[in-house]
Participant: 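Quick one: the structure is below, and I'll ask about it shortly.
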Amino acid sequence: MGKTSKDKRDIYYRLAKEEGWRARSAFKLLQIDDTFHILNGVTRAVDLCAAPGSWSQVLSRRLYEGREESADVKIIAVDLQAMAALPGVTQIQGDITKLSTAQAIIDHFGDKKAELVVCDGAPDVTGLHDIDEYIQSQLLLAALSITTHVLAQGGTFVAKIFRGKDTTLLYSQLDIFFDSVSITKPQSSRNSSLEAFVVCKMYNPPEGFVPQMINPMIDNVKLLTEQTESQVNKKLIPFIVSGDLRHNYDSDMSYNLSVNTDGQYEWKDAVQKPICPPYEEIIEMTRTVSLKNAAIFDYVIAF
């Protein structure tokens with residue numbers, strides 16, 4: 001019997017609960033690190049658009065792991081909405097397009113800047129790929145904008161993108177600021193998904209560049225450095241798959257459940273449920289009000 005796409009991705013969902021991750025997206029960062037070693041030697045990291053916190057969990061476990069002096073490790077999680085606390089992670093509830101948010105991050109690090117900035121944020125997808133790709137690219141540029149304020153020279157930036165016709169343009173923009181730019185597709189990311197991740201290493205902005213806080217969705221983005229057509233040209237983008245199929249699960253395959261000695265599977269609840277889900281109000285309404293009757297009543301009143 002054939003398996004649906006939901007069945008194929010459930011292996012990482014179940015595995016996340018087994019290993020105590022808040023979301024299966026944790027495996028994406030783990031597999032990116034396995035390939036690019038982005039966490040090696042890092043003590044100061046920022047997780048943008050962090051909720052529900054699975055990438056912050058990875059940072060917390062990996063950066064504090066095996067360290068005798070953990071006081072040097074500082075991790076900041078930034079999101080518009082609050083999320084449940086994590087050990088060793090400082091939360092900032094703020095907008096990544098605001099200068100005040102960048103200043104709060106800098107103040108927390110003191111006289112130093114971050115060595116790593118990651119962003120797994122994505123908009124609510126519409127299913128219209130051109131629109132979703134455009135909005136995601138604007139979110140990426142907003143993340144890059146705040147990164148130019150808080151990332152140290154030589155630092156690393158990792159962010160989600162939706163692959164499409166403008167991928168080469170995004171690559172060219174990132175190539176201005178980093179010596180090495182790659183695009184990777186972790187094994188835990190479904191093949192049917194447009195998502196991929198840019199891995200930008202060795203932050204090296206152009207000489208004379210002045211960081212500006214830009215919201216690409218509402219601001220008129222100005223050229224910050226003079227670039228000729230020959231300097232910003234299309235490049236062949238290295239496309240690298242993160243994760244080894246010999247040691248990792250394939251997100252488009254189905255696997256048997258891990259069962260106990262009695263042959264039974266022990267179901268586990270989500271590691272961290274939403275603390276203030278937007279659907280909570282509608283669930284409460286279904287307990288007290290017939291939505292069907294309420295809709296009919298509203299229709300009668302309107303006419």
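Here the structure is a predicted model, which means the values were calculated and not measured.
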Participant: List in chain and number order the residues that pass salt bridge (Lys or Arg N to Asp or Glu O under 4.0 Å) with K268, two or more places apart in sequence or in another chain; answer none if no residue qualifies.
Facilitator: E18
Participant: Identify the two heavy atoms, one from Y171 and one from V181, that lie closest to each other, and give their separation to 0.1 Å.
Facilitator: CE1-O, 3.2 Å
Participant: Would you find a donor on one side and an acceptor on the other, under 3.5 Å apart, between the side chain of K201 and the backbone of F36?
Facilitator: yes
Participant: What pairs with A51 under side-chain contact (heavy atoms from CB on, under 4.5 Å), at least two apart in sequence or on another chain?
Facilitator: D79, Q81, M83
Participant: List in chain and number order the residues that pass side-chain hydrogen bond (donor to acceptor under 3.5 Å, both in side chains) with E19, two or more places apart in sequence or in another chain; answer none if no residue qualifies.
Facilitator: W21
Participant: Test of understanding: with side-chain hydrogen bond (donor to acceptor under 3.5 Å, both in side chains), list the residues that count as partners of S60, not counting sequence neighbours.
Facilitator: none
Participant: So does S145 get a backbone contact from the side chain of H149, meaning a donor-acceptor N/O pair under 3.5 Å?
Facilitator: yes
Participant: Which residues pass the salt bridge (Lys or Arg N to Asp or Glu O under 4.0 Å) test with D33, sequence neighbours left out?
Facilitator: R62
Participant: To the nearest 0.5 Å, what is the distance between CG (L144) and SG (C119)?
Facilitator: 10.5 Å
Participant: Please identify each residue that fulfils side-chain contact (heavy atoms from CB on, under 4.5 Å) with A45, with sequence neighbours left out.
Facilitator: V42, L59, L63, L116
Participant: Can a donor-acceptor pair be found, under 3.5 Å and without considering hydrogens, that links the side chain of Q31 to the backbone of Q187?
Facilitator: yes
Participant: OG of S189 to CZ of F27: how many Å apart, nearest 0.5 Å?
Facilitator: 14.0 Å
Participant: Heavy-atom distance under 4.5 Å between the side chains of L29 and D120, does that happen here?
Facilitator: no
Participant: Can you list everything that forms a salt bridge (Lys or Arg N to Asp or Glu O under 4.0 Å) with E195? Sequence neighbours excluded, please.
Facilitator: K28, K160
Participant: With heavy-atom distances below 4.5 Å as the criterion, would you say the side chains of R24 and L15 are in contact?
Facilitator: no
Participant: Could you pull out all residues at least two apart from A23 that satisfy side-chain contact (heavy atoms from CB on, under 4.5 Å)?
Facilitator: S25, P52, S54
Participant: Can a donor-acceptor pair be found, under 3.5 Å and without considering hydrogens, that links the side chain of E115 to the backbone of R44?
Facilitator: yes
Participant: If you group Ile, Leu, Val, Met, Phe, Trp and Tyr by side-chain heavy-atom gaps below 4.5 Å, do V271 and L30 land in one group?
Facilitator: no
Participant: Please examine the side chains of I32 and V199, heavy atoms only from C-beta on, and report whether any two atoms are closer than 4.5 Å.
Facilitator: yes
Participant: Return the OG1 to NE2 distance between T156 and H37, rounded to the nearest 0.5 Å.
Facilitator: 12.0 Å
Participant: Could you tell me whether the side chain of L194 reaches within less than 4.5 Å of the side chain of D132, counting heavy atoms only?
Facilitator: no
Participant: What pair of heavy atoms forms the shortest contact from L139 to A122, and how long is it?
Facilitator: CD2-N, 3.6 Å
Participant: What class does the angle between the rings of F178 and Y203 fall in, given that below 30° is parallel, 30 to 60° is tilted and above 60° is perpendicular?
Facilitator: tilted
Participant: Let me confirm one number: the CD-CG distance from Q173 to L140, rounded to the nearest 0.5 Å.
Facilitator: 8.5 Å
Participant: Report yes if some heavy atom in the side chain of V89 is under 4.5 Å from a heavy atom in the side chain of Y64; otherwise report no.
Facilitator: no
Participant: Report the C-alpha separation of D95 and L80 in whole Å, then their side-chain angles, then the decisive distance to 0.1 Å, and conclude whether the side-chain contact (heavy atoms from CB on, under 4.5 Å) test is met.
Facilitator: CA-CA 6 Å; D95 188 341; L80 278 173; 3.9 Å; yes
Participant: Testing the basics here: between I96 and C49, what is the closest heavy-atom pair and its distance to 0.1 Å?
Facilitator: CD1-SG, 4.1 Å
Participant: Check I176 against P206 and note the closest heavy-atom contact, atom names and distance.
Facilitator: CG2-CG, 3.5 Å
Participant: Give me the atom names and distance for the closest heavy-atom approach of G88 to I75.
Facilitator: O-CB, 3.9 Å
Participant: If only side-chain N and O atoms count, and only distance matters, is there a donor-acceptor pair under 3.5 Å linking D47 with S56?
Facilitator: yes
Participant: Tell me if a side-chain donor or acceptor on S172 pairs with a main-chain N or O of T168 at a distance below 3.5 Å.
Facilitator: yes
Participant: Taking the side chain as everything from C-beta on, heavy atoms only, tell me whether V78 gets closer than 4.5 Å to I105.
Facilitator: yes
Participant: Say you draw a straight line from CD1 of I11 to OG of S188; how long is it, rounded to the nearest 0.5 Å?
Facilitator: 11.5 Å
Participant: Check the pair V46 / F109 against side-chain contact (heavy atoms from CB on, under 4.5 Å), numbers first and verdict last.
Facilitator: CA-CA 10 Å; V46 179; F109 286 141; 3.7 Å; yes
Participant: Q153: what forms a side-chain hydrogen bond (donor to acceptor under 3.5 Å, both in side chains) with it, not counting sequence neighbours?
Facilitator: N204
Participant: Do the side chains of K185 and R163 get nearer than 4.5 Å, heavy atoms only?
Facilitator: yes
Participant: Minimum heavy-atom separation for A114 to L151, with atom names?
Facilitator: O-CD1, 3.3 Å
Participant: Within this structure, what is the CD1-CG distance for the pair I183 and L174, rounded to the nearest 0.5 Å?
Facilitator: 8.5 Å
Participant: Can you sort out the partners of D262 under salt bridge (Lys or Arg N to Asp or Glu O under 4.0 Å), two or more places apart, ordered by chain and number?
Facilitator: none
Participant: For a 4.5 angstrom cut-off between non-hydrogen side-chain atoms, does L48 reach T147?
Facilitator: yes
Participant: Apply side-chain contact (heavy atoms from CB on, under 4.5 Å) to A84 and list each qualifying residue two or more places apart in sequence or on a separate chain.
Facilitator: R22, Q272, I275
Participant: Applying ring pair (Phe, Tyr, Trp, His ring centres under 6.0 Å), name anything that partners F197, two or more places apart in sequence or on another chain.
Facilitator: W55
